[in-house]
Asks: 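Have a look at the structure that comes next, please.
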Amino acid sequence: MITNRPRGTLDIVPEESVRWQYVESVAREICRRYGYGEIRTPVFEHTELFRRSVGEFTDVVEKEMYTFDDRGGRSLTLRPEGTAPAARLYLEERLYAGAGPAKIYYLSWPIFRYERPQAGRLRQHHQFGVECFGSHDPAVDAEIIALAWDFLGALGLDGLVVGINSMGCAGCRTGYREALRAHFSGHLEEMCEDCRRRHAQNPLRLLDCKRESCAPFIATAPAIADHLCEDCRADFSLLREYLGVLGVDCRLDSSLVRGFDYYTGTVFEITHDALGAQDVVCGGGRYDGLVETLGGDPSPGVGFGLGIERLLLILEREDVRPPGPDPLDAYLVCMGAEARRHAVGLLHRLRAAGVAADMDYMDRSFRAQLRRADRYPARFALILGEEELAAGTITVKDLAGGAQRTVGVDEAVALLCAGPPPGEDE
RNA sequence: GUGGCUGUAGCUCAGGCGGUUAGAGCGCCAGGUUGUGGCCCUGGAGGCCGGGGGUUCAAGUCCCCUCAGCCACCCCA
């Protein structure tokens, strides 16, 4: 059916977009406080950008990208994540040329992955992401995590868990990889098929297996923490110290390994139970080799991506009600064609003065117009009938309390602009 | 991509073992009130019972296919 939206996509109706706008306004405010500036990039990029950065053999690149050839024969891909485009922009717009570090964020970027949908997993979703390029100071890692934490906290959420780990630099990773191979090689017969494949291809992924049968071998596996070089170890302990200072309560999770190839060093996830199996609302980490991979001079970076739909899902399931829409200031209620003709002009005048005002266009009865005003909900009903018309006045009714009084039109406009409710005389 | 559950009014849902004009609550519209909303009462509109095919005298109900949502795996935000 052509009126059905494509699988795994969502429509956003006005009632819902209010919540998006609220979340977005909080994100903008937090970014402002932390000194990050917004970027916007095309929704599609050269396919090669993602192949190179995310990694040729990751699930996302292998089977989840929306890739197409344009009419000029270029292979383009709807972005499946935000960090690579941000890194591309960093290079293309030469953000490295300014005083470092480059602190940027993106808000509600559409992200596309061809996946099997379920709640919290869509083919098009939206992310809020923050990236910092140019510094390897662990204080920046801490800042990034704290920013995400503050943002979620500002929305009134709790029950969030921050998991962190260090995947080490390229150097410590090779040693660790061998240690993992050695540990698992004796148990391969008892482990799942995927794990046997991972053992050969990428032993780090072994830690990611969630099968019960593999769990005991993972539990006893060597921890990356024991295989970090001195620099990585120092960075990681400094990060944890900073997180303590920043009031971020985090959990060391040595099995935490992220799925994109560009991650190095710090990795972290923020999860919430309300999400079920897709429990990650925010994920990120360091990607010190990414910029170099894309052909730039080596430049470290840290960042995260945060799923807006998942966030909204948590808010809904936890019954955290963000501030609702501002009620309408005034709803014009008129009786008769003559009053209606006057109402059009008055409505315009109110709006020009900054008052949120509306009127009936459905030819409703007087009673129904008043009910409309109530349900909107509007703060005041402005009643315009024959009496008011003759006297050049209008009746201002406070819908919450029920008090009303009839005043001159100029006074009514002034009253609505000023805000305070009208007098109590009935 | 694999396995499972579910699709009935705008929303949340009820419809015994196939059987007459498919129901409720909320919402919407009108009236009860010649110029007063909310609460209450009365009435009304609104359904290709997700779509297609099949079995049957007869299908919302049974069978097959398909689409969509959900749950788990996988992966991730």
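Protein chains get the first letters and strands the later ones, always in sequence-line order, with residue 1 at the start of each. Hydrogens, waters and symmetry mates play no part in the numbers below; they use all other heavy atoms, side chains included.
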Asks: Base, sugar-phosphate or nothing for G284(A)? Non-hydrogen atoms, less than 4.0 Å.
Replies: nothing
Asks: Using a heavy-atom cut-off of under 4.0 Å over every strand shown, decide if E387(A) touches base, sugar-phosphate, or nothing.
Replies: base
Asks: Just how far, in rounded Å, is P of G35(B) from CZ of R372(A)?
Replies: 21 Å
Asks: Do Y287(A) and F133(A) have ring centroids that are under 6.0 Å from one another?
Replies: yes
Asks: Measure distances between side-chain N and O atoms of Q369(A) and base N and O atoms of U36(B), and say whether any donor-acceptor pair falls under 3.5 Å.
Replies: no
Asks: Given that both distances must come in under 3.5 Å, which nucleotide forms a Watson-Crick or G-U wobble pair with G23(B)?
Replies: C13(B)
Asks: Any strand counts, and the cut-off is 3.5 Å on both contacts for Watson-Crick or G-U wobble. Which nucleotide pairs with U61(B)?
Replies: none
Asks: Among the candidates G35(B), C75(B), A77(B), find the nucleotide nearest to the side-chain atoms of I383(A).
Replies: G35(B)
Asks: Would you say R367(A) reaches G35(B)'s phosphate, i.e. side-chain N/O to OP1/OP2 under 4.0 Å?
Replies: no
Asks: Nearest whole angstrom, please: distance from the P of A77(B) to the CG of L311(A).
Replies: 15 Å
Asks: Under 3.5 Å for both donor-acceptor distances, Watson-Crick or wobble: does U56(B) have a partner, and if so which one?
Replies: none
Asks: Separation of K63(A) atom NZ from G1(B) atom P, in whole Å?
Replies: 11 Å
Asks: Would a 4.5 Å heavy-atom cut-off, applied to side chains only, mark L306(A) and L152(A) as touching?
Replies: yes
Asks: Counting only heavy atoms from other residues, nucleotides and ligands, does the tally under 6.0 Å from OH of Y22(A) exceed 12?
Replies: yes
Asks: Mind checking F260(A) for me? I need base, sugar-phosphate or nothing, with any heavy atom below 4.0 Å counting as a touch.
Replies: sugar-phosphate
Asks: Assess whether one donor atom and one acceptor atom, taken from the side chain of Q278(A) and the base of A72(B), lie less than 3.5 Å apart.
Replies: no
Asks: Could you check whether A381(A) gets within reach of a base, just the sugar-phosphate, or nothing at all, counting any heavy atom under 4.0 Å?
Replies: nothing
Asks: About how many Å separate CZ of R51(A) and OG1 of T58(A), when rounded to the nearest 0.5 Å?
Replies: 9.0 Å
Asks: Is G129(A) touching bases, backbone alone, or none of the nucleic acid, heavy atoms closer than 4.0 Å?
Replies: nothing
Asks: Quiz question: going by heavy-atom distance under 3.5 Å, is there a donor-acceptor pair between the base of G38(B) and the side chain of D374(A)?
Replies: no
Asks: Please give the distance between the C1' atoms of A45(B) and U6(B) as a whole number of Å.
Replies: 30 Å
Asks: Rounding to a whole Å, what distance do you find between K397(A):NZ and G38(B):P?
Replies: 11 Å
Asks: Mind checking R375(A) for me? I need base, sugar-phosphate or nothing, with any heavy atom below 4.0 Å counting as a touch.
Replies: sugar-phosphate
Asks: Just wondering, do N165(A) and F268(A) contact through their side chains at under 4.5 Å, heavy atoms?
Replies: no
Asks: Write down the distance separating the C1' atoms in G51(B) and A68(B), rounded off to the nearest Å.
Replies: 10 Å
Asks: Looking across every strand, which nucleic acid part, if any, lies under 4.0 Å from A339(A) by heavy atom: base, sugar-phosphate, or nothing?
Replies: nothing
Asks: Taking only the side-chain nitrogens and oxygens of R7(A), find out if one of them lies under 4.0 Å from OP1 or OP2 of C67(B).
Replies: no
Asks: Closer to the 5' end of RNA chain B via nearest nucleotide, is it Y114(A) or V281(A)?
Replies: Y114(A)
Asks: Please classify the nucleic acid contact of E386(A) as base, sugar-phosphate, or nothing, using heavy-atom distances under 4.0 Å.
Replies: base
Asks: Check the phosphate of A30(B) against R371(A), side-chain N and O only, distance under 4.0 Å to OP1 or OP2. Yes or no?
Replies: yes
Asks: Under the side chain to side chain contact (heavy atoms under 4.5 Å, CB included) rule, what do L147(A) and Y36(A) come out as? Steps first, then yes or no, please.
Replies: CA-CA 10 Å; L147(A) 193 161; Y36(A) 287 76; 3.8 Å; yes
Asks: Between S365(A) and G31(B), is there a contact of a side-chain N or O with OP1 or OP2 at under 4.0 Å?
Replies: yes
Asks: Suppose we define a pair by two distances each less than 3.5 Å, Watson-Crick or G-U wobble; what does A30(B) pair with here?
Replies: U42(B)
Asks: Contact class for A119(A) (heavy atom, under 4.0 Å): base, sugar-phosphate, or nothing?
Replies: sugar-phosphate
Asks: Report which part of the nucleic acid E62(A) touches: base, sugar-phosphate, or nothing (heavy-atom distance under 4.0 Å, all strands).
Replies: nothing
Asks: At 4.0 Å (heavy atoms only), tell me whether L275(A) reaches a base, stays on the sugar-phosphate, or touches nothing.
Replies: nothing
Asks: Would you classify R116(A) as touching base, sugar-phosphate or nothing, given that sugar-phosphate means primed atoms plus P, OP1 and OP2, and contacts are heavy atoms under 4.0 Å?
Replies: base
Asks: Start with the C-alpha gap between Y105(A) and Y34(A), add the side-chain angles, then the distance that decides, and say whether ring-ring contact (aromatic ring centres under 6.0 Å, His included) holds.
Replies: CA-CA 11 Å; Y105(A) 76 94; Y34(A) 277 76; over 10 Å; no
Asks: Does any donor-acceptor pair link the side chain of R121(A) with the base of C74(B) at a separation under 3.5 Å?
Replies: yes
Asks: Please step through side chain to side chain contact (heavy atoms under 4.5 Å, CB included) for the pair V396(A) and L382(A), ending with a clear verdict.
Replies: CA-CA 5 Å; V396(A) 180; L382(A) 300 193; 3.9 Å; yes
Asks: Checking understanding here: a glycosidic angle within 90° of 0 is syn, the rest anti, so what is G23(B)?
Replies: anti
Asks: Report yes if a side-chain nitrogen or oxygen of Q118(A) is closer than 4.0 Å to either non-bridging phosphate oxygen (OP1 or OP2) of A72(B); otherwise report no.
Replies: yes
